[in-house]
Amino acid sequence: MERGSTAESALEEEQLRLADRVSRQDDPSFSGGPVAGVDVVYAGDVAAACAVVIDTASFKTLVTLEHVRECHYPYVRGYFFLREGPVVMALLSQLEAGVPVLVNGNGVLHPRRCGLASHVGVLTGRQTIGVTKRLMLGHVGPRTGDWAPVIDNDETIGAALWPPGRSRPLYVSIGHRVSLPTALSIVRSATRSGLPEPLRLAHLRARDLLGRTVRSGAHRHP
DNA sequence: GCGACAG
DNA sequence: ATCTTGTCGC
């Protein structure tokens, strides 16, 4: 996509429309239980994705879902949905309803308040939370305990969260149908050390899936 | 022009 | 994200 192209502005308008539909309130409230995470890894044009659901009481894996497809969009900052959206949507269509989903990417912590997590949240109607390792936008406000607000233009668009066993913070934001305080407690409840367990496991499983797929040649077109 | 700010 | 060996630290 070229900067200033009509395709880009059309997508920006779409993002603004979707941002209007994002719910930043708890619906329903979180009281423990299962939490899902999705991650995608690539080898050229092949995208391998995995979703893992864990029980936050026992940290045991309840469900693992896999999906492989080709991806022809490059990663463009601010338009992550174009690259990773379709494969994430395919995974979520197989996932049971009612489970909050952690997404590797931002929610409303985005120039148009519509990062990948919010985008797929609105399109699927699911509760989603954005989690990243690097800050895309805004500045980190004063820290209280294990977290600090991320602020852009006087608006709190997310939070920096320092989980146990990790020196650098994670950046958590509302995806859809969740408040920021609840998003933080969901991430905390799914994290033992470092990354949230559903995302860590989804990454491992996706890497494994990609290896199996490339070795078998199953992704090639006859 | 330079630097940076998801994966 | 991905390309890549050994290495420092909790």
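Numbers restart at 1 for each chain; the letters A, B, ... are given by sequence-line order, proteins then strands.
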Review point. Roughly how far, to the nearest 0.5 Å, is OG of A:S189 from CD of A:E197?
Key: 11.5 Å
Review point. Touch check for A:L109, heavy atoms < 4.0 angstrom, all strands: base, sugar-phosphate only, or nothing?
Key: nothing
Check your understanding: Can you tell which of B:dG7, C:dT2, B:dA6 lies closest to the side chain of A:N106?
Key -> B:dA6
Point to revise | Nearest-angstrom distance from the residue atom NZ of A:K133 to C1' of C:dT2 | key: 14 Å
Point to revise | Between CG on residue A:N153 and NE2 on residue A:H139, distance to nearest 0.5 Å | key: 9.5 Å
Practice item. For A:R207 and C:dT2, give me the distance from atom CZ to atom C1', rounded to whole Å. Key: 11 Å
Exercise for review: In whole angstrom, give the distance that lies between atom OH of A:Y171 and atom P of B:dA6.
Suggested key: 11 Å
Review point. Is A:Y75 touching bases, backbone alone, or none of the nucleic acid, heavy atoms closer than 4.0 Å?
Key: base
Review point. Contact class for A:V40 (heavy atom, under 4.0 Å): base, sugar-phosphate, or nothing?
Key: nothing
Point to revise | Length of the line joining A:H119:NE2 and B:dA6:P, which is rounded to integer Å | key: 19 Å
Review point. Can you tell me how far C1' of C:dC10 sits from CZ of A:R192, to the nearest Å?
Key: 18 Å
Review point. Rounded to the nearest Å, what distance is computed from the CD1 atom of residue A:I157 to the P atom of nucleotide B:dA6?
Key: 12 Å
Point to revise | Check: A:D45 side chain, A:E70 main-chain N or O, donor-acceptor pair, under 3.5 Å | key: no
Practice item. Determine: side-chain N/O of A:R134 to OP1/OP2 of B:dA6, distance under 4.0 Å, yes or no. Key: yes
Review point. Looking across every strand, which nucleic acid part, if any, lies under 4.0 Å from A:G78 by heavy atom: base, sugar-phosphate, or nothing?
Key: base
Exercise for review: Dump the intermediate steps for side chain to side chain donor-acceptor pair (under 3.5 Å) on A:Y73 and A:E84, then the final yes or no.
Suggested key: CA-CA 9 Å; A:Y73 276 101; A:E84 204 148 298; over 6 Å; no
Review point. Linking I/L/V/M/F/W/Y whenever any side-chain heavy atoms sit under 4.5 Å apart, do A:L137 and A:F80 land together?
Key: no
Practice item. Could you tell me the separation between the CD atom of A:E84 and the C1' atom of C:dT2, rounded to a whole number of Å? Key: 13 Å
Check your understanding: Which whole-number value in Å describes the distance from A:R168 CZ to B:dA6 P?
Key -> 12 Å
